[in-house]
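The structure appears below as C-alpha coordinates.
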Amino acid sequence: MSDIKIRQLSKSYGAYQALKSCDLVIPDGALLALLGPSGCGKSTTLQLLAGFDTPSEGEIWAGEQLLSSPRKVIPPEHRGISLVFQNYAIWPHKTVAENVAFGLKLRKLGKAELEARLTKALDTVRLGALRDRYPFELSGGQQQRVALARALAVEPNILLLDEPLSNLDAHLREEMRFEIRRVHDELGITTVYVTHDQGEALVTADRVAVMRGGVVQQLGSPEEIFEQPANTFVASFIGSNNEITGIKEAAGMLRVGGTRLFGQDRSGLAQGQAATLCIRPSRVRLGEPAVADNRLNGIVRRCAYLGEYRDVLIELDEGGTLRAFVSPDLRPLPGERVSAELPAEHCQLLSAPE
Ligand code: ADP
(Lines give C-alpha, C1' and ligand atoms only; values in the text may rest on other atoms or scores of the structure.)
Protein backbone atom coordinates (compact mmCIF):
# COMPACT_ATOMS: atom_id res chain seq x y z
CA MET A 1 0.00 0.00 0.00
CA SER A 2 1.10 3.59 -0.48
CA ASP A 3 0.27 7.25 0.00
CA ILE A 4 -2.65 8.71 -1.96
CA LYS A 5 -1.73 11.97 -3.68
CA ILE A 6 -4.33 14.38 -5.06
CA ARG A 7 -2.75 16.97 -7.33
CA GLN A 8 -4.48 20.12 -8.62
CA LEU A 9 -7.78 18.24 -8.81
CA SER A 10 -10.74 20.16 -10.24
CA LYS A 11 -14.26 19.12 -11.14
CA SER A 12 -16.82 21.18 -13.04
CA TYR A 13 -20.47 20.41 -13.67
CA GLY A 14 -21.20 22.53 -16.73
CA ALA A 15 -20.09 26.06 -15.85
CA TYR A 16 -20.13 25.32 -12.11
CA GLN A 17 -16.80 24.46 -10.52
CA ALA A 18 -17.49 22.16 -7.58
CA LEU A 19 -13.82 21.46 -6.82
CA LYS A 20 -10.99 23.91 -7.48
CA SER A 21 -7.31 22.89 -7.75
CA CYS A 22 -7.36 20.62 -4.73
CA ASP A 23 -4.00 19.33 -3.42
CA LEU A 24 -4.05 16.67 -0.71
CA VAL A 25 -1.79 13.85 0.47
CA ILE A 26 -3.24 10.98 2.47
CA PRO A 27 -0.33 9.14 4.07
CA ASP A 28 -0.51 5.34 3.95
CA GLY A 29 -2.59 4.09 6.87
CA ALA A 30 -3.90 7.56 7.86
CA LEU A 31 -7.47 8.69 8.36
CA LEU A 32 -8.20 11.97 6.58
CA ALA A 33 -11.47 13.79 7.25
CA LEU A 34 -12.95 16.05 4.57
CA LEU A 35 -14.86 18.58 6.64
CA GLY A 36 -17.02 21.47 5.52
CA PRO A 37 -20.57 22.76 5.10
CA SER A 38 -23.03 21.24 2.66
CA GLY A 39 -22.09 21.86 -0.98
CA CYS A 40 -18.38 22.55 -0.35
CA GLY A 41 -17.20 19.68 -2.57
CA LYS A 42 -16.59 16.84 -0.10
CA SER A 43 -18.66 14.18 -1.88
CA THR A 44 -17.31 15.30 -5.25
CA THR A 45 -13.80 14.63 -3.95
CA LEU A 46 -14.89 11.23 -2.63
CA GLN A 47 -16.57 10.27 -5.92
CA LEU A 48 -13.35 11.13 -7.76
CA LEU A 49 -11.30 9.12 -5.26
CA ALA A 50 -13.64 6.15 -5.76
CA GLY A 51 -13.35 6.33 -9.53
CA PHE A 52 -17.07 6.97 -10.10
CA ASP A 53 -16.34 10.26 -11.84
CA THR A 54 -13.72 11.81 -14.14
CA PRO A 55 -11.78 14.88 -13.02
CA SER A 56 -11.95 18.00 -15.20
CA GLU A 57 -8.32 18.70 -14.34
CA GLY A 58 -5.65 17.20 -12.11
CA GLU A 59 -4.63 13.73 -11.02
CA ILE A 60 -5.03 11.16 -8.26
CA TRP A 61 -2.12 8.83 -7.54
CA ALA A 62 -1.72 5.77 -5.30
CA GLY A 63 2.05 5.55 -4.91
CA GLU A 64 3.39 5.27 -8.46
CA GLN A 65 0.02 4.30 -9.96
CA LEU A 66 -2.08 6.96 -11.69
CA LEU A 67 -5.68 6.29 -10.61
CA SER A 68 -7.47 9.27 -12.21
CA SER A 69 -6.82 12.01 -14.72
CA PRO A 70 -9.10 13.72 -17.28
CA ARG A 71 -7.90 11.13 -19.85
CA LYS A 72 -8.01 7.95 -17.80
CA VAL A 73 -9.95 6.66 -14.81
CA ILE A 74 -9.22 3.27 -13.28
CA PRO A 75 -12.68 1.86 -12.49
CA PRO A 76 -13.81 1.48 -8.87
CA GLU A 77 -13.59 -2.33 -8.92
CA HIS A 78 -9.87 -2.17 -9.74
CA ARG A 79 -8.95 0.33 -7.03
CA GLY A 80 -9.25 -1.87 -3.93
CA ILE A 81 -11.74 0.53 -2.36
CA SER A 82 -14.69 -0.01 -0.06
CA LEU A 83 -17.39 2.57 0.43
CA VAL A 84 -19.76 3.12 3.33
CA PHE A 85 -22.66 5.51 2.84
CA GLN A 86 -25.03 7.35 5.13
CA ASN A 87 -27.90 5.01 4.26
CA TYR A 88 -26.20 1.76 5.07
CA ALA A 89 -27.58 -0.10 2.02
CA ILE A 90 -27.72 -3.45 3.74
CA TRP A 91 -30.12 -6.10 2.44
CA PRO A 92 -33.17 -6.51 4.66
CA HIS A 93 -33.77 -10.16 3.66
CA LYS A 94 -30.20 -11.28 4.41
CA THR A 95 -28.76 -12.01 7.85
CA VAL A 96 -25.85 -10.05 9.27
CA ALA A 97 -23.41 -12.78 8.18
CA GLU A 98 -24.94 -13.03 4.68
CA ASN A 99 -24.71 -9.26 4.26
CA VAL A 100 -21.07 -9.16 5.32
CA ALA A 101 -20.13 -12.24 3.24
CA PHE A 102 -21.70 -10.83 0.08
CA GLY A 103 -18.58 -9.10 -1.25
CA LEU A 104 -16.44 -12.11 -0.32
CA LYS A 105 -18.67 -14.50 -2.32
CA LEU A 106 -18.22 -12.34 -5.41
CA ARG A 107 -14.49 -12.85 -4.96
CA LYS A 108 -14.92 -16.64 -5.10
CA LEU A 109 -12.83 -17.36 -2.02
CA GLY A 110 -12.49 -20.90 -0.59
CA LYS A 111 -14.95 -21.80 2.14
CA ALA A 112 -12.39 -21.73 4.97
CA GLU A 113 -10.95 -18.39 3.95
CA LEU A 114 -14.40 -16.89 3.49
CA GLU A 115 -15.41 -18.01 6.98
CA ALA A 116 -12.15 -16.70 8.48
CA ARG A 117 -12.54 -13.28 6.88
CA LEU A 118 -16.22 -13.09 7.79
CA THR A 119 -15.50 -13.92 11.43
CA LYS A 120 -12.66 -11.40 11.56
CA ALA A 121 -14.81 -8.59 10.09
CA LEU A 122 -17.71 -9.36 12.45
CA ASP A 123 -15.39 -9.51 15.46
CA THR A 124 -13.73 -6.21 14.49
CA VAL A 125 -17.07 -4.39 14.67
CA ARG A 126 -18.20 -6.54 17.64
CA LEU A 127 -21.12 -8.18 15.88
CA GLY A 128 -19.98 -11.79 16.21
CA ALA A 129 -22.85 -12.67 18.55
CA LEU A 130 -25.49 -11.20 16.20
CA ARG A 131 -24.39 -12.89 12.97
CA ASP A 132 -27.69 -14.74 12.41
CA ARG A 133 -29.99 -11.77 13.03
CA TYR A 134 -31.83 -9.89 10.31
CA PRO A 135 -31.44 -6.10 9.93
CA PHE A 136 -34.91 -5.41 11.38
CA GLU A 137 -33.70 -7.08 14.59
CA LEU A 138 -30.82 -4.58 14.90
CA SER A 139 -30.50 -0.99 16.14
CA GLY A 140 -29.39 1.79 13.76
CA GLY A 141 -25.88 1.67 15.18
CA GLN A 142 -25.70 -2.10 14.72
CA GLN A 143 -26.92 -1.77 11.13
CA GLN A 144 -24.15 0.72 10.43
CA ARG A 145 -21.67 -1.75 11.95
CA VAL A 146 -22.92 -4.35 9.42
CA ALA A 147 -22.19 -1.91 6.59
CA LEU A 148 -18.74 -1.26 8.05
CA ALA A 149 -18.01 -4.98 8.47
CA ARG A 150 -19.05 -5.61 4.86
CA ALA A 151 -16.69 -2.86 3.69
CA LEU A 152 -13.83 -4.23 5.82
CA ALA A 153 -14.30 -7.91 4.95
CA VAL A 154 -12.95 -7.46 1.42
CA GLU A 155 -9.74 -6.04 2.96
CA PRO A 156 -9.65 -2.83 0.91
CA ASN A 157 -6.57 -0.67 0.36
CA ILE A 158 -8.71 2.42 0.87
CA LEU A 159 -11.88 2.85 2.90
CA LEU A 160 -14.18 5.72 1.89
CA LEU A 161 -16.83 6.81 4.40
CA ASP A 162 -19.47 9.30 3.23
CA GLU A 163 -21.32 10.84 6.21
CA PRO A 164 -21.55 7.33 7.70
CA LEU A 165 -23.18 8.40 10.97
CA SER A 166 -25.70 10.99 9.75
CA ASN A 167 -28.69 8.67 10.11
CA LEU A 168 -27.98 7.83 13.73
CA ASP A 169 -29.31 9.66 16.75
CA ALA A 170 -26.93 12.01 18.59
CA HIS A 171 -26.03 9.53 21.33
CA LEU A 172 -25.19 6.68 18.94
CA ARG A 173 -23.30 9.03 16.66
CA GLU A 174 -21.00 9.95 19.47
CA GLU A 175 -20.37 6.32 20.39
CA MET A 176 -19.77 5.29 16.76
CA ARG A 177 -17.11 8.00 16.27
CA PHE A 178 -14.95 6.28 18.84
CA GLU A 179 -15.74 2.93 17.24
CA ILE A 180 -14.60 4.10 13.82
CA ARG A 181 -11.37 5.41 15.35
CA ARG A 182 -10.84 2.14 17.26
CA VAL A 183 -11.37 0.06 14.10
CA HIS A 184 -8.96 2.33 12.25
CA ASP A 185 -6.33 1.95 14.98
CA GLU A 186 -6.79 -1.83 14.83
CA LEU A 187 -6.60 -2.26 11.03
CA GLY A 188 -4.69 0.82 9.84
CA ILE A 189 -6.59 1.04 6.53
CA THR A 190 -6.04 4.32 4.64
CA THR A 191 -9.39 6.05 5.13
CA VAL A 192 -11.14 9.15 3.84
CA TYR A 193 -14.06 10.26 5.99
CA VAL A 194 -16.52 12.84 4.66
CA THR A 195 -18.46 14.78 7.28
CA HIS A 196 -20.00 18.18 8.00
CA ASP A 197 -19.73 17.49 11.74
CA GLN A 198 -16.61 18.98 13.29
CA GLY A 199 -16.86 16.71 16.35
CA GLU A 200 -16.74 13.61 14.15
CA ALA A 201 -13.74 14.94 12.25
CA LEU A 202 -11.81 15.88 15.38
CA VAL A 203 -12.42 12.52 17.10
CA THR A 204 -11.78 10.21 14.15
CA ALA A 205 -9.11 11.87 12.00
CA ASP A 206 -5.32 12.08 11.97
CA ARG A 207 -5.57 14.91 9.43
CA VAL A 208 -8.49 17.18 8.63
CA ALA A 209 -9.01 19.04 5.35
CA VAL A 210 -11.41 21.93 5.93
CA MET A 211 -13.24 22.81 2.70
CA ARG A 212 -15.33 25.75 1.53
CA GLY A 213 -16.64 26.54 -1.95
CA GLY A 214 -14.63 23.73 -3.59
CA VAL A 215 -11.36 24.95 -2.05
CA VAL A 216 -9.32 23.32 0.71
CA GLN A 217 -8.94 26.09 3.28
CA GLN A 218 -6.59 24.23 5.60
CA LEU A 219 -5.05 20.78 5.99
CA GLY A 220 -3.77 19.93 9.43
CA SER A 221 -4.08 17.82 12.55
CA PRO A 222 -7.25 18.33 14.62
CA GLU A 223 -5.23 20.44 17.06
CA GLU A 224 -3.69 22.58 14.33
CA ILE A 225 -7.00 23.44 12.72
CA PHE A 226 -8.52 24.27 16.11
CA GLU A 227 -5.57 26.12 17.70
CA GLN A 228 -4.11 27.73 14.58
CA PRO A 229 -6.92 28.23 12.07
CA ALA A 230 -5.75 29.51 8.68
CA ASN A 231 -8.51 32.12 8.33
CA THR A 232 -11.76 33.38 9.86
CA PHE A 233 -13.82 30.69 8.09
CA VAL A 234 -11.84 27.83 9.67
CA ALA A 235 -11.86 29.58 13.07
CA SER A 236 -15.65 29.90 13.02
CA PHE A 237 -16.46 26.53 11.44
CA ILE A 238 -14.44 24.55 14.01
CA GLY A 239 -15.77 25.21 17.50
CA SER A 240 -17.14 28.44 18.94
CA ASN A 241 -15.37 31.65 18.04
CA ASN A 242 -15.45 35.39 18.68
CA GLU A 243 -14.57 37.74 15.84
CA ILE A 244 -13.56 41.32 16.64
CA THR A 245 -12.91 43.61 13.73
CA GLY A 246 -10.57 46.58 13.75
CA ILE A 247 -7.62 48.11 11.97
CA LYS A 248 -4.25 46.39 11.90
CA GLU A 249 -1.79 48.96 13.25
CA ALA A 250 1.32 46.78 13.27
CA ALA A 251 2.17 43.08 13.04
CA GLY A 252 0.06 41.33 15.69
CA MET A 253 -1.67 44.54 16.80
CA LEU A 254 -5.29 45.51 16.17
CA ARG A 255 -6.87 48.82 17.12
CA VAL A 256 -10.55 48.66 18.10
CA GLY A 257 -11.75 52.17 18.91
CA GLY A 258 -9.39 53.39 21.63
CA THR A 259 -8.16 49.93 22.62
CA ARG A 260 -5.15 47.94 21.41
CA LEU A 261 -5.43 44.18 21.12
CA PHE A 262 -2.40 41.95 20.60
CA GLY A 263 -2.27 38.43 19.23
CA GLN A 264 -0.51 36.03 16.88
CA ASP A 265 -0.66 37.54 13.42
CA ARG A 266 -1.41 35.10 10.60
CA SER A 267 -3.58 37.52 8.62
CA GLY A 268 -1.04 38.28 5.88
CA LEU A 269 -2.60 41.77 5.81
CA ALA A 270 -0.74 45.07 5.49
CA GLN A 271 -0.71 47.80 8.14
CA GLY A 272 -3.81 50.00 8.00
CA GLN A 273 -6.08 47.26 6.61
CA ALA A 274 -9.22 45.97 8.29
CA ALA A 275 -8.45 42.73 10.14
CA THR A 276 -10.23 40.31 12.47
CA LEU A 277 -9.08 39.14 15.86
CA CYS A 278 -10.37 35.67 16.80
CA ILE A 279 -10.58 34.20 20.28
CA ARG A 280 -12.44 31.14 21.62
CA PRO A 281 -15.15 31.97 24.19
CA SER A 282 -13.51 29.48 26.58
CA ARG A 283 -10.31 31.61 26.58
CA VAL A 284 -12.01 34.90 27.55
CA ARG A 285 -11.65 35.87 31.24
CA LEU A 286 -14.11 38.15 32.96
CA GLY A 287 -13.23 40.63 35.68
CA GLU A 288 -13.89 44.11 37.04
CA PRO A 289 -14.05 46.94 34.47
CA ALA A 290 -10.51 48.17 33.71
CA VAL A 291 -8.52 50.03 31.08
CA ALA A 292 -5.60 48.00 29.76
CA ASP A 293 -4.34 46.35 26.60
CA ASN A 294 -6.17 43.20 25.54
CA ARG A 295 -9.25 44.12 27.52
CA LEU A 296 -12.64 45.17 26.27
CA ASN A 297 -15.31 46.56 28.56
CA GLY A 298 -18.99 46.00 28.12
CA ILE A 299 -22.32 45.07 29.64
CA VAL A 300 -23.57 41.54 30.25
CA ARG A 301 -26.67 41.01 28.13
CA ARG A 302 -27.32 37.32 28.69
CA CYS A 303 -25.95 34.60 30.92
CA ALA A 304 -27.01 31.00 30.27
CA TYR A 305 -26.24 28.11 32.63
CA LEU A 306 -25.06 25.01 30.77
CA GLY A 307 -24.00 22.83 33.68
CA GLU A 308 -20.30 22.60 32.86
CA TYR A 309 -19.99 26.35 32.16
CA ARG A 310 -21.94 29.59 31.80
CA ASP A 311 -22.32 31.10 28.34
CA VAL A 312 -22.10 34.88 28.80
CA LEU A 313 -22.98 37.36 26.05
CA ILE A 314 -21.40 40.80 26.45
CA GLU A 315 -22.30 43.93 24.51
CA LEU A 316 -18.99 45.75 24.05
CA ASP A 317 -18.59 49.52 24.48
CA GLU A 318 -16.65 49.66 21.21
CA GLY A 319 -19.41 47.95 19.27
CA GLY A 320 -20.06 44.30 18.64
CA THR A 321 -20.63 41.44 21.04
CA LEU A 322 -18.41 38.90 22.73
CA ARG A 323 -19.16 35.45 24.15
CA ALA A 324 -17.33 34.12 27.17
CA PHE A 325 -17.63 30.58 28.56
CA VAL A 326 -16.86 30.95 32.25
CA SER A 327 -16.88 28.73 35.32
CA PRO A 328 -20.41 27.89 36.51
CA ASP A 329 -19.30 29.26 39.89
CA LEU A 330 -19.22 32.78 38.41
CA ARG A 331 -22.61 34.48 38.16
CA PRO A 332 -22.40 37.57 35.96
CA LEU A 333 -25.81 39.25 35.94
CA PRO A 334 -27.46 40.87 32.92
CA GLY A 335 -26.85 44.64 33.08
CA GLU A 336 -23.58 44.25 35.00
CA ARG A 337 -20.51 46.05 33.65
CA VAL A 338 -17.55 43.73 33.11
CA SER A 339 -14.11 43.73 31.62
CA ALA A 340 -13.27 40.91 29.23
CA GLU A 341 -9.61 39.98 29.20
CA LEU A 342 -8.45 38.43 25.93
CA PRO A 343 -5.11 36.75 26.73
CA ALA A 344 -2.76 37.60 23.86
CA GLU A 345 -1.48 34.01 23.58
CA HIS A 346 -5.04 32.91 22.66
CA CYS A 347 -5.75 35.77 20.23
CA GLN A 348 -5.12 35.45 16.50
CA LEU A 349 -5.23 38.09 13.82
CA LEU A 350 -6.75 36.49 10.73
CA SER A 351 -8.14 37.49 7.37
CA ALA A 352 -11.28 36.30 5.62
CA PRO A 353 -10.89 33.36 3.19
CA GLU A 354 -10.21 34.22 -0.45
P1 ADP B 1 -20.83 18.25 -0.29
O2 ADP B 1 -20.55 16.79 -0.34
O3 ADP B 1 -19.69 19.02 0.36
O4 ADP B 1 -22.13 18.60 0.33
P5 ADP B 1 -20.87 18.07 -3.17
O6 ADP B 1 -19.48 17.64 -3.50
O7 ADP B 1 -21.93 17.02 -3.20
O8 ADP B 1 -20.86 18.84 -1.78
O9 ADP B 1 -21.32 19.23 -4.17
C10 ADP B 1 -20.54 20.36 -4.43
C11 ADP B 1 -21.31 21.27 -5.35
O12 ADP B 1 -21.40 20.68 -6.65
C13 ADP B 1 -22.72 21.54 -4.90
O14 ADP B 1 -23.02 22.90 -5.14
C15 ADP B 1 -23.56 20.63 -5.76
O16 ADP B 1 -24.84 21.20 -5.99
C17 ADP B 1 -22.76 20.55 -7.05
N18 ADP B 1 -22.93 19.24 -7.70
C19 ADP B 1 -22.59 18.04 -7.18
N20 ADP B 1 -22.87 17.05 -8.05
C21 ADP B 1 -23.41 17.64 -9.17
C22 ADP B 1 -23.87 17.17 -10.42
N23 ADP B 1 -23.87 15.87 -10.73
N24 ADP B 1 -24.34 18.09 -11.30
C25 ADP B 1 -24.33 19.40 -11.00
N26 ADP B 1 -23.90 19.93 -9.86
C27 ADP B 1 -23.43 19.06 -8.92
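Counting starts at 1 for both ligands and their atoms, following the listed order.
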Atom 15 (C) of ligand 1 within contact range, any protein heavy atom under 4.0 Å: no
Got a donor-acceptor contact below 3.5 angstrom from the Lys11 side chain to the Thr54 backbone? yes
Is_contact(atom 1 (P) of ligand 1), protein non-hydrogen, under 4.0 Å: yes
Where ligand 1 meets Cys40 - atom numbers and elements under 4.0 angstrom, heavy-atom basis: 1 (P), 3 (O), 8 (O)
closest protein heavy atom to atom 17 (C) of ligand 1 is Tyr16 CE2, 4.0 Å
Which protein non-hydrogen atom lies closest to atom 5 (P) of ligand 1, naming both residue and atom, and how far is it? Thr44 OG1, 3.6 Å
Partner residues of Phe52 under the ring pair (Phe, Tyr, Trp, His ring centres under 6.0 Å) criterion, sequence neighbours left out: none
Sub-4.0 Å heavy-atom approach of Gly41 to ligand 1: yes
Do Arg212 and Phe233 form a cation-pi contact, if we require the NZ or CZ to be under 6.0 Å from the six-membered ring centre and within 45 degrees of the ring's axis? yes
Heavy atom of the protein closest to atom 12 (O) of ligand 1 (residue, atom name, distance): Ala18 CB, 3.3 Å
Residue and atom name of the nearest protein heavy atom (relative to atom 19 (C) of ligand 1), distance in Å to one decimal: Tyr13 CE1, 3.4 Å
Mind checking whether Gly39 has an N or O less than 3.5 Å away from an N or O of ligand 1? yes
Which protein non-hydrogen atom lies closest to atom 7 (O) of ligand 1, naming both residue and atom, and how far is it? Ser43 CB, 3.6 Å
Could you walk me through whether Arg7 and Ser69 satisfy the side chain to side chain donor-acceptor pair (under 3.5 Å) test, starting with their C-alpha distance in whole Å, then the side-chain angles of each, then the deciding distance to 0.1 Å, before giving a yes or no? CA-CA 10 Å; Arg7 294 210 190 290; Ser69 77; over 6 Å; no
Does NZ or CZ of Arg181 fall inside the cone over Tyr193's six-membered ring, less than 6.0 Å from its centre and within 45° of the axis? no
